[in-house]
Amino acid sequence: MADDLVQRAHWGDLAGQNWAGLARLSTEEAEGELSADGTQDTPAPRFITGRDIKSTEEQEKDGRQFVESRGGRYVYTYMEPDTSAWKRKRIRLPDGSVGYRVVRPVYEGALEDLKQAKAPNGERIDGLIVYDIDRLTRDPRHLEDAIETVEHYHRPIIDITGTLDLLTDNGRAMARVVVAMANKQSADTARRVRRNHRARRNLGIPVGGTRPFGWQEDKRTLNQAEAKLVRDAAKRIILGGQWSSIIADWNRKGVTTSRGNPWRWIGLRDMMRNPRLCGFRSHHVIEFDPETGREIKHMAIAHDDAGRPVKGQWTPILTVTEWEAIQEIIGDGPMRGGGHNTRVYLSTGTLRCGKEDCGSLLRGSKAPESRGKPDGYFYYTCHPKTSGKGCGGIRIPGPETDELISKLVIAKYEEEANQRQAVRTPQEWTKEADLKIVREDIADLKQARRDRKISAERYYADLAEYEAEEQRLKRERNAWQRQALADQGEPVDMAEEWHREGITLAERRTYIEQTLTTVAVLPVGSGRRVPLRDRLVPVWAEK
């Protein structure tokens, strides 16, 4: 019966058979074109590709009519979302290695169901129909999977237009040629698109997509209200303000992202990382982590063929110095106090038990009614021994502790502000000449390699050493710029900020996390009375 299915499909006789259809609509990015002066670009819409422009609904309808006109029964449609049948992605393979594959789970699931002769709705399926070969695949590996299903599992796969024949040896050979040519066509298109994008990038033309916050829809002209918000936020960050405070202020005022969404920590951080803010064209860089098998995407300044930063065709919001100072604050990893928490009590997560061999975080708990405390009064206590989380030997009054920690944070900010006013950053960074020499050495090294004066082994070894030194000097310069900018402005008045109307518990917690690594709570002997301030031992965060 199974062999008969392929033969009968070849004859066009589908009587008594159940068939499923695969409907796929793939869209790609149009190339766009540059004007003669290179200052404008045609918008890059997304257009339908393939040998036809039929929608998935039309493909399903045509497949149903084709099957039923030949005596078969159409029982199921595999609707594949907007996917590419050609573009490969980096994935972790079953054996743990990393490879590049076209990722189409619906297609792969359809072939597996066909091998098992059972559709997701429980119906028996004897064959699979697509509109044409482009709807099936443009990837030779996926084509071989389809051929395997026909040859070894004896399940027919056919198309409506007649461009696909996997039912005969000659047809399969021709299908391999057609898919190889289609694969080359996709590769050629992708190469032209990349070249066009690179040309637009080198000219500083803005990218497509949603308008960036701070600019008008043309992505060139400033939205003055939003630009002022960005400048004020940058100044607050440089002067020691907290990201969560900025986000809370913007959300309270109804300021939304360019997509109309409330602001979140990650959105603000990513915006401040974008070189566009200081007038440089940016592009995404994808790096591969061999340990996790994951691709890490981050934004970087675009450089032209001569290695110079590309200036964008728009008005910047920040100066380069301001933007670099913010990059020093952001760093490469997570930032202390940069997140959001939903803790109920101010000092939860900061207080730790100071008893020997414990050190557990204290928890907040409401005072029992038997103690006669005011409504809402609470204590910070160490978890009981029975919980396995603590020793149960520490308890301190909550409101009084929160008040003392608030005073510690305010006093620390005031101390740092006074130190900043007393010790000014030098007017000039003393190692600018060193950085210039390193960059000249890198340029000379690249030229020597182009002239074939040094081997590839020596080139890459020396380049890694020079680039490491350049990065070290750049980090040092960014730190100096950050401090210089901070010296020019008034530091955050923490006493005023702490009691600002509308400040949230999460914002205050962020200031605590920025200032204190922890506060150890010392125990007291039985019957002794020790002032609360003498029991708190602050451990200041390094900045």
Side-chain angles (χ1 to χ4, degrees), residues 26-50 82-90 100 102 138 181-223 258 270-271 273-288 295-318 320 323-324 327 439 442-443 445-447 449-451 459 463 467 470:
S26 177
T27 54
E28 304 290 347
E29 187 178 26
E31 295 178 41
E33 295 186 5
L34 302 180
S35 61
D37 61 3
T39 58
Q40 300 290 335
D41 64 320
T42 302
R46 290 169 65 80
F47 61 87
I48 299 172
T49 61
D82 178 9
T83 58
S84 171
W86 168 80
K87 188 174 182 180
R88 291 178 174 85
K89 297 180 180 179
R90 195 192 305 264
Y100 288 88
V102 176
R138 284 190 167 206
M181 294 305 296
N183 188 277
K184 181 182 183 302
Q185 182 186 38
S186 293
D188 290 342
T189 300
R191 185 180 64 254
R192 290 193 297 270
V193 169
R194 286 195 302 269
R195 185 174 61 233
N196 183 268
H197 285 179
R198 186 163 53 250
R200 289 187 291 177
R201 184 188 71 194
N202 289 345
L203 289 170
I205 295 173
V207 298
T210 306
R211 75 168 183 89
F213 186 83
W215 285 270
Q216 305 286 0
E217 291 294 340
D218 63 2
K219 303 181 180 66
R220 290 173 166 85
T221 309
L222 289 182
N223 178 317
S258 55
D270 290 347
M271 181 184 72
R273 273 182 171 164
N274 195 335
R276 161 181 263 276
L277 288 176
C278 64
F280 287 139
R281 181 64 151 80
S282 63
H283 69 122
H284 282 101
V285 177
I286 299 177
E287 296 178 346
F288 176 61
E295 290 181 334
I296 303 172
K297 182 185 291 187
H298 62 90
M299 197 167 288
I301 296 174
H303 291 78
D304 60 20
D305 295 337
R308 297 182 298 263
V310 176
K311 291 185 178 180
Q313 297 180 7
W314 57 81
T315 304
I317 295 178
L318 304 178
V320 174
W323 181 79
E324 289 179 340
Q327 305 322 297
R439 287 174 170 170
I442 292 176
L445 184 67
K446 289 181 178 180
Q447 187 61 50
R449 178 55 188 161
R450 283 193 290 268
D451 296 340
Y459 168 72
L463 181 64
E467 287 183 337
E470 181 189 28

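Start at 1 with the first residue, then count along the sequence. Note that these values count all heavy atoms, side chains included, but never hydrogens, waters or copies made by symmetry.
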S.K.: Before you tell me yes or no, could you show the steps for Lys89 and Tyr100 under side chain to side chain contact (heavy atoms under 4.5 Å, CB included), namely the whole-Å CA-CA distance, both residues' side-chain angles and the distance that decides it to 0.1 Å?
M.R.: CA-CA 5 Å; Lys89 297 180 180 179; Tyr100 288 88; over 6 Å; no
S.K.: Is a donor from one side chain sitting under 3.5 angstrom from an acceptor on the other, for Arg192 and Asn196?
M.R.: no
S.K.: If you measure from CZ on Phe280 to CG on Asn274, what distance do you get to the nearest 0.5 Å?
M.R.: 12.5 Å
S.K.: Measure from the side-chain N and O atoms of Gln313 to the backbone N and O of Leu203, and report whether any donor-acceptor pair falls under 3.5 Å.
M.R.: yes
S.K.: Could you tell me whether the side chain of Thr315 and the main chain of Leu222 form a donor-acceptor pair under 3.5 Å?
M.R.: no
S.K.: Counting N and O atoms only, with roles assigned by atom type, does the side chain of Trp323 sit under 3.5 Å from a partner on the main chain of Ile317, one being a donor and the other an acceptor?
M.R.: no
S.K.: Would you please name every residue forming a salt bridge (Lys or Arg N to Asp or Glu O under 4.0 Å) with Asp188, sequence neighbours left out?
M.R.: Lys184, Arg191
S.K.: Rounded to the nearest 0.5 Å, how far apart are CZ of Arg449 and CG of Asp451?
M.R.: 10.5 Å
S.K.: How long is the gap from NE2 on His303 to NE2 on His283, to the nearest 0.5 Å?
M.R.: 8.0 Å
S.K.: Side chain to side chain contact (heavy atoms under 4.5 Å, CB included) with Ala182: which residues, sequence neighbours excluded?
M.R.: Asp134, Arg138
S.K.: One pair to check against side chain to side chain contact (heavy atoms under 4.5 Å, CB included): Arg276 and Lys219. What are the steps and the verdict?
M.R.: CA-CA 10 Å; Arg276 161 181 263 276; Lys219 303 181 180 66; 3.8 Å; yes
S.K.: Compare every heavy atom of Phe213 with every heavy atom of Met271, then report the nearest pair and how far apart it is.
M.R.: SD-CD2, 3.7 Å
S.K.: Could you tell me whether a side-chain N or O of Arg281 sits under 3.5 Å from a main-chain N or O of Ile205, the two making a donor and an acceptor?
M.R.: yes
S.K.: Closest approach of Pro316 and Cys278, non-hydrogen atoms and distance?
M.R.: CB-C, 3.6 Å
S.K.: Distance check, rounded to the nearest 0.5 Å: Gln216 atom CD versus Arg211 atom CZ?
M.R.: 7.0 Å
S.K.: How would you list, by chain and number, every residue that makes a salt bridge (Lys or Arg N to Asp or Glu O under 4.0 Å) with Arg308, sequence neighbours excluded?
M.R.: Asp304
S.K.: Got a second to check how far Leu445's CG is from Glu467's CD, nearest 0.5 Å?
M.R.: 9.0 Å
